[in-house]
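Input: a single structure, listed below in structure tokens.
Predicted, not measured: the structure shown is a model, and the values here were computed from it. Just so it is clear, the values below take in all heavy atoms, side chains as well, and ignore hydrogens, waters and symmetry mates. Counting starts at 1 for both ligands and their atoms, in listed order.
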Amino acid sequence: MKNFTFFNPTKIIFGQGTIGALKNEIPAGKKIMLVYGGGSIKKNGTYDEIMRALEGRQVEEFSGVEPNPTYETMMKCVEKVKATGCDFLLAAGGGSVIDGTKFVAAAALFEGDPWKILKTFGSCVKKALPFASVLTLPATGSEMNSGSVITRAEFKAKLPFKSDLVYPVFSVLDPMKTYTLPAKQVANGVVDSFVHIVEQYLTQPAHAEVQDRFAEGLLHVLIEQGPLALKEPENYEVRSNLMFAATMALNGLIGCGVPQDWSTHMIGHELTALYGLDHAVTLAIVLPGNLTLRKQLKHDKLLQFAQRVWEIKSGNDEHKISEAIKKTSEFFESLGVKTRLGDYNLGEEAIEKVVAQLKSHQMIKLGENGDVNLEVSRQILELCL
Ligand code: NZQ
Ligand code: ZN
């Protein structure tokens, strides 16, 4: 196991009826900016519960954060935060709203051009406003991590940034608020969480038994509970397990002391920026091709994945590995998420465009060993046609 520092300051408040905790968790005297998306929080009671908890407090609102939040929209929020003098942000929604709020937290106090926050992947962030979240879509782990992904629409650039200053102070996770999710978003959430785990687990052995067993346990939960959530949308225990699994998949724990890949995500971000595909859809397309092309490098962990996660016992090592990759694709498809570029009417021409985008965003040394260069990315995409 490699040396590591594990730091995660986000308090998680979990369970039915917990939105009321906002009342005591947000310090008195703060002027709050409530940030949300296209209105789902108004339809499922989240908005009303937030407003009840914040009765008597100073609350401003910013709505209209789109899926894959844009720099352009979030800069409007920055202006409103500055104009109204808000000093605490509250994100209510899925990963897009939370990511957008993280950017606003950093940009509102940033001296200079805020685009630099993305250009430097967050290293230039020196201060940020405090913020919290009310999560309504289990998927990204943004509710308990320090990452954010923002799209600059005019440049078709979707870039990540990270900073210890943008961990949420606390996040409220009420599984009942996920009942209204369309099946497509439930499936996306399962796929996204699955791939977060895989990007931290399917690399090379690091003798990290704790992290490996945690990762495998979380994958088992997703494989078991994901289809159940689609079948029984109002099963509280299923929703709870899915929600906690998604948070644990990307809160830093399973990534401690192990190599991490993230090439599937970075290639996927370009597909979203160019073609507007949902984040999870891009992952379902890229992951199988990525694992297939790099199966020699990942041989030992792929075998472990085949045996421990998919419980494949028969055949030689090569057979087990290709079966595991096949079962992974089949799992995504069984949730209703298609796994080929062709399923979205994309072909060879898309590959050229994605590779050009990767080049312009300096995504030229991806993967756990930094050896996923532009040519390797191209070969991965060829396998995704
Ligand atoms: O905008 P509203 O009306 O709220 O509707 C949303 C949106 O249309 C809807 N929704 C959310 N909760 C709902 C609901 N509809 C009904 N009932 C509910 N309870 O779902 C739609 C999608 O929401 P979005 O927030 O875009 O989805 P998700 O949580 O999957 O977030 C995706 C974004 O997160 C980034 C992705 O790149 C993408 O931009 N990621 C962030 C990460 C991080 N911060 O660590 C890591 C991830 O890998 C990912 O890159
Ligand atoms: Zn993701």
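- The protein atom (non-hydrogen) at minimum distance from atom 24 (P) of ligand 1 is S96 OG, 3.4 Å.
- Between the side chains of H265 and H196, at least one donor N or O lies within less than 3.5 Å of an accepting N or O.
- Ranking the protein heavy atoms by distance from atom 28 (P) of ligand 1 puts G95 N, 3.7 Å first.
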Give every donor-acceptor pair under 3.5 Å between a side-chain atom in residues 25-32 and any protein atom, sequence neighbours left out.
{"unit_1": "E25", "atom_1": "OE1", "unit_2": "K11", "atom_2": "NZ", "d": "3.2"}
{"unit_1": "E25", "atom_1": "OE2", "unit_2": "K11", "atom_2": "NZ", "d": "3.1"}
{"unit_1": "K31", "atom_1": "NZ", "unit_2": "T84", "atom_2": "O", "d": "2.8"}

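- In this structure, V149 has a heavy atom closer than 4.0 Å to ligand 1.
- Between F194 and F331, the ring planes lie tilted relative to each other; the angle falls in the 30° to 60° range.
- Considering backbone and side-chain N/O atoms, H265 comes within less than 3.5 Å of an N/O atom of ligand 1.
- When only non-hydrogen protein atoms are considered, atom 15 (N) of ligand 1 lies nearest to S40 CB, 3.5 Å.
- Counting only heavy atoms of the protein, atom 49 (C) of ligand 1 lies nearest to H279 NE2, 3.3 Å.
- Neither the backbone nor the side chain of I98 has any atom closer than 4.0 Å to an atom of ligand 1 (non-hydrogen atoms only).
- An N or O contact shorter than 3.5 Å links G147 to ligand 1 by distance.
- Residue-ligand proximity, K158 to ligand 1, at heavy-atom distances under 4.0 Å covers atoms 36 (C), 37 (O), 38 (C), 39 (O).
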Between S329 and K326, does the side chain to side chain contact (heavy atoms under 4.5 Å, CB included) criterion hold? Intermediate values first, please. CA-CA 5 Å; S329 296; K326 190 163 149 248; 5.9 Å; no
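- Taking atom 34 (O) of ligand 1 as the reference point, the nearest protein heavy-atom neighbour is T140 CG2, 3.3 Å.
- Looking only at side-chain heavy atoms (C-beta outward), S263 and R294 come within less than 4.5 Å of each other.
- Under a cutoff of 6.0 Å and an axis angle of 45°, K80 and F62 do not form a cation-pi pair.
- Among the atoms of G141, none of the N or O lies under 3.5 angstrom from an N or O of ligand 1.
- Protein N/O/S atoms nearer than 2.8 Å to the Zn ion (ligand 2) total 4.
- Among protein heavy atoms, the minimum distance from atom 1 (O) of ligand 1 is reached at G38 N, 2.7 Å.
- Taking the side chain as every heavy atom from C-beta outward, E72 and R152 approach each other to under 4.5 Å.
- For the pair E66 and ligand 1, no heavy-atom separation below 4.0 Å is found.
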Could you pull out every donor-acceptor pair under 3.5 Å between side chains of residues 103-116 and any protein atom, sequence neighbours left out?
{"unit_1": "E111", "atom_1": "OE2", "unit_2": "K127", "atom_2": "NZ", "d": "3.4"}
{"unit_1": "D113", "atom_1": "OD1", "unit_2": "Y71", "atom_2": "OH", "d": "3.4"}
{"unit_1": "D113", "atom_1": "OD1", "unit_2": "W115", "atom_2": "N", "d": "3.1"}

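- Atom 12 (N) of ligand 1 has its closest protein heavy atom at T136 OG1, 2.8 Å.
- Checked options L303, D300, L302; the residue passing with D317 is L303 (criterion: side chain to side chain contact (heavy atoms under 4.5 Å, CB included)).
- Applying the side chain to side chain donor-acceptor pair (under 3.5 Å) test between E368 and each of K298, K301, Q200 identifies K298 as the sole match.
- The shortest N/O to N/O separation between P67 and ligand 1 does not fall below 3.5 Å.
- For ligand 1, the polar-atom distance check against D99 finds a nitrogen or oxygen pair separated by under 3.5 Å.
- For D192, every heavy-atom contact with ligand 1 shorter than 4.0 Å involves the side chain, none the backbone.
- Listed by atom number, the atoms of ligand 1 under 4.0 Å from G37 heavy atoms are 1 (O).
- Every heavy atom of K43 sits 4.0 Å or more from the atoms of ligand 1.
- Taking a 4.0 Å cut-off on heavy atoms, I41 fails to register as neighbouring ligand 1.
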Report, one line per pair, each donor and acceptor closer than 3.5 Å where one atom sits in a side chain of residues 3-10; sequence neighbours left out.
{"unit_1": "N8", "atom_1": "OD1", "unit_2": "T10", "atom_2": "N", "d": "3.0"}
{"unit_1": "N8", "atom_1": "ND2", "unit_2": "M144", "atom_2": "O", "d": "2.8"}
{"unit_1": "N8", "atom_1": "ND2", "unit_2": "N251", "atom_2": "O", "d": "3.0"}
{"unit_1": "T10", "atom_1": "OG1", "unit_2": "P168", "atom_2": "O", "d": "2.7"}

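- When the heavy-atom distances from atom 20 (O) of ligand 1 to L137, V186, V97 are ranked, the shortest goes to L137.
- Placement of M243 and V134 in two distinct hydrophobic clusters is found when ILVMFWY residues are connected by side-chain heavy-atom separations under 4.5 Å, directly or transitively.
- Using a 4.5 Å heavy-atom cutoff, the side chains of E216 and Y201 are in contact.
- You'll find the side chain of V281 stays beyond 4.5 Å of the side chain of K338, heavy atoms only.
- Q260 and E199 share no side-chain donor-acceptor pair at under 3.5 Å.
- Within the 4.0 Å heavy-atom criterion, neither part of T151 lies near ligand 1.
- Contact annotation for P69 and ligand 1: only side-chain heavy atoms (C-beta onward) come within less than 4.0 Å of the ligand.
- For the residue pair H279/D192, the side-chain donor-acceptor check at 3.5 Å is satisfied.
- The proximity of T180 to ligand 1, defined as any non-hydrogen pair under 4.0 Å, involves the side chain as well as the backbone.
- Counting heavy atoms only, N68 comes closest to atom 39 (O) of ligand 1 of the residues T282, T46, N68, T70.
- Of the protein's non-hydrogen atoms, the one nearest atom 47 (C) of ligand 1 is H196 NE2, 3.3 Å.
- Checked by atom type, the side-chain pair R239/N235 shows no donor-acceptor distance below 3.5 Å.
- Residues S142 and K102 have side chains that bring a donor and an acceptor to within less than 3.5 angstrom of each other.
- With ligand atoms numbered from 1 in the order given, ligand 1 contributes 50 (O) to contacts under 4.0 Å with heavy atoms of H269.
- Two different hydrophobic clusters hold L34 and L137 under the rule that ILVMFWY side chains link at heavy-atom gaps under 4.5 Å.
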